[in-house]
2 protein chains.
Amino acid sequence: MLSTLTKWVLLMSPELERLKELSLAENLGRLHRLWRTAADAELIPLGLTHPRWTALWKLLRLGDNVSQKVLADALEIELPSLMRTLNQLEDQGYVQRRCCEKDKRARIVSLTPDGIEMLKQMESKIMLVRRNLLAGISQQQLNDFENIMSQISENALATLDKSSA
Amino acid sequence: MLSTLTKWVLLMSPELERLKELSLAENLGRLHRLWRTAADAELIPLGLTHPRWTALWKLLRLGDNVSQKVLADALEIELPSLMRTLNQLEDQGYVQRRCCEKDKRARIVSLTPDGIEMLKQMESKIMLVRRNLLAGISQQQLNDFENIMSQISENALATLDKSSA
DNA sequence: TATAACTAGTTAGCATGCTAAGTAAATAAC
DNA sequence: GTTATTTACTTAGCATGCTAACTAGTTATA
C-alpha cells in the first residue's frame, strides 16, 4: 500500500512544486487566527470573548439602534449565532433589546451606558493591536494587499455563483 | 444614553477614518471563509467534510506514516480535535492507525488504498479551486501578497511573545 | 536504579458556529 | 379582503474547535 502511494506521488511529481504553493489558503487561515488571537489577548481581560467584543464593536460602527438581523448580516453570522451572544451581552448589561415600533417582528439592539464605557476601553486596545500588526508596512503595500484580497474575493464569489447556478 | 454615545463618537471623530480601515482583519476572515467555502463546494460531494479532507491532504503532504501528534501540529489543531476527525476517517476506511514500534505511546497514521484513491479525486478539485480563485493575479502580485502576510504574521507572533513574557 | 518530569494519546465537557423547524408579523397576490 | 409568501426572531440540536484531567510510556535526574 505504501508503494502504491509512493508510485502516485512520483507520478504526479511535476505537480509537486505547485503542491507546495497550496499553502496560501492555509496561510490566510493562520494569519486570520493570529490576528484574532492578538486582539483577544488584549480584550479578553476586559471580560469579553471574541464574539462578544466583535458584536459590540460592530454595533457601534452601525450607529447603534439596529435590528438583530442587520447586526447579524454585518457580522456575517447567522441570527441564531448572534442570539446567544446578545443574550450574554444583555446579561452583562452592555446592550438592551426592545421591540421595534414600525416592525413588530423586529427587535432593536442598543448600547447601554456600561456598553459605551466598555467600548471606550476597547477602542484603544484594538488600535494598539492594529498598529503592532501593521508595523513596518507602508500605506502603498497595504493598499496593494487589500486589492489582491478583493480580487480573490471576487473570484471566489464568481466561482460560487457559477457552481450554485 | 443615545446622546452620550453621539457625543463620544463626535469626540473621537479624528479617529473615524481609521475606524473605517479596521475592516482589514474582518476582510482577512471573510476571504478565508470564502476560500474554504469554495473548496468545500467541490469536496463535500465526495463525502468529506472540511476537517476530514484537510487532514487527508496534510497527511499526504507529510509523506504518510506520521504520528497523530505530528499531524495535529501540521494542521495547527490540538490532538483532541484531530482525534474525532481521524475516528471518522478510519470509519470511512481512508486511514489506518497502528502502534509505533519505537515509541509505544505514539500511534502512526497511514493512508489506506481507499484513502489514496480519494486523494487522487481530491487533487484535481483543489487545483481547480486554486486556479479559479487566483485568476488574473500575476506571480509578482502573489509574491508581494504572501510577503505582506508573512510580515503581519511575524509582527503578530512578536506581539504575542511580548505579551506572554 | 529509582524517582521526577515530560510527552502522546484519550476522554469528557464547554464554546461558538451552523441548519432545521416553528411562531408571529408584514407584504404580495389574487 | 383573504390567502400565500416572505421575513425576523426564537428554540433545539449538530459539528468542530478548545481546555482540563487522566493513563501509559519515555526521558532526565538524583
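The CZ-P distance, from A:Arg98 to D:dC9, rounds to 13 Å in whole Å. When the P atom of D:dT6 is taken as reference, atom NZ of A:Lys69 falls 14 Å away, rounded to whole Å. Distance CH2 (A:Trp53) to C1' (C:dA15): 17 Å, rounded to an integer number of Å. Here the C1' atom of nucleotide D:dA15 and the CG atom of B:Asp40 are 13 Å apart, to the nearest Å. As a whole-Å value, the separation of A:Gln68 CD from C:dA24 C1' is 14 Å. Atom P of nucleotide C:dG17 and atom CG of A:Leu75 are separated by 9 Å, given to the nearest angstrom. Computed from coordinates, the A:Ile44 CD1 to C:dA15 C1' distance equals 11 Å when rounded to whole Å.
Comparing B:Ser67 and A:Thr49 by the nucleotide of DNA chain C that holds the closest heavy atom to each, the one mapping nearer the 5' end is B:Ser67. Residue-to-nucleotide proximity on DNA chain C shows that, of B:Ala106 and A:Arg36, the 5′-proximal contact is made by B:Ala106.
Using a 4.5 Å cut-off between side-chain heavy atoms of Ile, Leu, Val, Met, Phe, Trp and Tyr, with links allowed through other members, B:Leu59 and B:Val70 fall into the same hydrophobic cluster. Side-chain heavy atoms closer than 4.5 Å link hydrophobic residues (I, L, V, M, F, W, Y) into clusters, and following such links, possibly through other members, connects A:Val109 to A:Leu62.
Across all their heavy atoms, A:Ala156 and B:Leu34 have their closest contact at CB-CB, 4.1 Å.
Residues B:Ile116 and B:Leu60 are not in side-chain contact: their nearest non-hydrogen atoms beyond the backbone lie 4.5 Å or more apart. Counting only heavy atoms from C-beta outward, the side chains of B:Met122 and B:Leu119 approach each other to under 4.5 Å.
Across residues 76-90 of chain B, B:Leu79, B:Pro80, B:Met83 each have a non-hydrogen atom less than 4.0 Å from an atom of DNA chain C (numbered order).
Residues that satisfy the ring-ring contact (aromatic ring centres under 6.0 Å, His included) test with A:Tyr94, not counting sequence neighbours, are absent from this structure. Partners of A:Glu90 under the salt bridge (charged side-chain N to carboxylate O under 4.0 Å, His left out) rule, at least two apart in sequence or in another chain, are A:Arg97.
Classification of the B:Phe145-A:Phe145 ring pair by plane angle, with boundaries at 30° and 60°, yields parallel.
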Find every protein N or O atom lying less than 3.5 Å from an N or O atom of nucleotides 24-26 of chain D, and list the pairs.
unit_1: D:dG25; atom_1: N2; unit_2: B:Arg105; atom_2: NH1; d: 3.1
unit_1: D:dT26; atom_1: OP1; unit_2: B:Lys104; atom_2: N; d: 3.0

Give every pair of a protein N or O atom and an N or O atom of nucleotides 3-5 of chain C that lie under 3.5 Å apart, one pair per line with the distance.
none

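Side-chain atoms of A:Gln92 come within 3.5 Å of backbone N or O of A:Gly47 as a donor-acceptor pair.
Checked by atom type, the side-chain pair A:Gln151/A:Asn155 shows no donor-acceptor distance below 3.5 Å.
Sorted pairs that involve residues 63-91 of chain B and meet ring-ring contact (aromatic ring centres under 6.0 Å, His included), not counting sequence neighbours, are lacking altogether.
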